[in-house]
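Here is the structure we will look at, set down as structure tokens.
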Amino acid sequence: MPELPEVEEYGRYFTRHALNRTIKRVDVRDERILGIVRKDAFTRRLRGRAFTHVRRHGKHLFVQAGTTWLHLHFGMTGDLLFYRDAAETPRFARVIFDFNDGSHLAFDDMRLFGVVDLIDDPDTFIAEHRLGRDPLDPKFKAADFRKLIAKRRGGIKALLMSQDFVAGLGNLYVDEILYETGIHPRRSAEKIKDLDAIYTTMRKIVRKPNRKLPRDEGELCPKCGGTIKRAVVAGRTTYFCGGHQR
DNA sequence: TTCCATGTTCCGCA
DNA sequence: TTGCGGAACATGGA
């Protein structure tokens with residue numbers, strides 16, 4: 001379930017379990033999960049090393065291992081699992097790291113939309129892929145958000161989901177932000193007055209998701225009693241309240 | 001069997 | 001140049 005808050009949690013999970021253990025063996029079970037790097041290079045460059053430091057930007061996780069960085073993207077169904085007993089190997093493990101102490105870390109991904117790769121430098125990656133600011137970055141202020149949005153036009157939902165605008169928001173959290181702020185997902189960004197409310201709500205939800213938006217068409221809105229509607233906006237199934245979201 | 005899925009990218013069109 | 005809709009990717013679950 002990977003949007004920013006989930007990827008942040010994977011980062012903490014990685015830090016808690018898989019740092020500073022020597023990598024004894026790298027098992028690439030399905031090469032389709034790899035990005036640029038080929039299987040033999042991937043294995044060779046990590047074997048004997050240890051992961052030392054985890055960094056996240058938007059939905060991307062970067063883990064330092066000597067002079068290289070492991071890059072993880074979770075796609076729709078990516079997951080991370082640390083375990084000691086090989087019998088616990090998850091069903092769709094695509095890459096498994098075996099550590100010297102007998103423990104394992106698996107990247108599990110049923111649909112294979114995720115990516116496991118090696119990169120030289122996260123900052124270069126972020127720049128090259130034109131990723132926007134991370135909502136959890138303490139230096140990302142309301143004034144920065146206002147400046148950014150002033151340069152853009154188009155529907156607010158599509159904009160908030162654009163990783164080059166702000167990195168890390170996906171379908172569910174954008175719906176949540178618009179529900180909380182009472183904004184219709186198709187409203188033009190340039191017509192929104194209260195940008196600070198979006199900024200504040202975005203930061204709040206990404207820190208502590210509340211998942212209050214009902215995801216059933218026809219249900220009554222707990223906020224205003226309006227009817228929950230379902231539509232396709234920016235190419236994604238969207239739930240919003242026909243009552244208070246304008 | 002059919003539809004749908006918390007993501008990204010590429011293409012054609014306006 | 002920007003934004004948008006649609007399709008593609010791969011696979012299982014309801």
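Numbers restart at 1 for each chain; the letters A, B, ... are given by sequence-line order, proteins then strands.
- A:F51 meets the ring-ring contact (aromatic ring centres under 6.0 Å, His included) test with A:F14, A:F97; sequence neighbours excluded.
- Shown here is A:R153, whose CZ atom has no more than 12 heavy atoms of other residues, nucleotides or ligands within 6.0 Å.
- Partner A:F42 forms a side chain to side chain contact (heavy atoms under 4.5 Å, CB included) with one of A:T68, A:L70, A:D117 and no other, that one being A:L70.
- The nearest whole Å value for the distance from the CZ atom in A:R215 to the P atom in B:dT6 is 7 Å.
- Within residues 173-187 of chain A, no residue has any heavy atom under 4.0 Å from DNA chain B.
- Here the rule is side chain to side chain contact (heavy atoms under 4.5 Å, CB included) with A:L61, and of A:R56, A:R55, A:E8 only A:R56 fits it.
- More than 12 heavy atoms of other residues, nucleotides or ligands shown are found within 6.0 angstrom of NZ on A:K223.
- Other residues, nucleotides and ligands place more than 12 heavy atoms under 6.0 Å from the CG atom of A:L19.
- Residue A:R246 holds its CZ atom at 8.0 Å from NE2 of A:H184, rounded to the nearest 0.5 Å.
- If you check B:dT6, C:dT2, B:dA5 against the side chain of A:R153, the one that comes closest is C:dT2.
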Under 4.0 Å protein heavy-atom contact, by nucleotide of nucleotides 6-14 of chain C - B base, S sugar-phosphate only: ---BBBSS-
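- To the nearest 0.5 Å, the span separating CG on A:D109 from CZ on A:R91 amounts to 13.0 Å.
- Membership of the apolar cluster around A:L131 extends to A:F62, A:W69, A:I119, A:F125, A:I126, as traced through chained side-chain contacts below 4.5 Å between ILVMFWY residues.
- A salt bridge between A:D27 and A:R29 is present, with a side-chain N of the basic residue lying under 4.0 Å from a carboxylate O of the acidic one.
- Expressed to the nearest 0.5 Å, how far CZ of A:R44 lies from CZ of A:R38 amounts to 12.5 Å.
- Under the 30°/60° scheme for interplanar angles, the aromatic rings of A:Y199 and A:F140 are found to stand perpendicular.
- Atom pair A:D164:CG and C:dC4:C1' shows a separation of 14 Å (rounding to whole Å applied).
- Separation of the A:H73 and A:F113 ring centroids does not fall under the 6.0 Å cut-off.
- Distance A:R152 CZ to C:dT2 P: 8 Å, rounded to the nearest Å.
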Annotated protein contacts, base or backbone, on nucleotides 8-14 of chain B with a non-hydrogen cut-off under 4.0 Å, one of B, S, - each: S------
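- As judged by a 4.0 angstrom heavy-atom cut-off over every strand, A:G114 is placed among residues making no nucleic acid contact.
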Which nucleotides of DNA chain C pair, in dot-bracket form (Watson-Crick or G-U under 3.5 Å, | meaning another strand): .||||||||.||||
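- Rounded to an integer number of Å, the gap from A:N171 CG to B:dC4 P is 14 Å.
- Atom pair A:F165:CZ and C:dT2:C1' shows a separation of 15 Å (rounding to whole Å applied).
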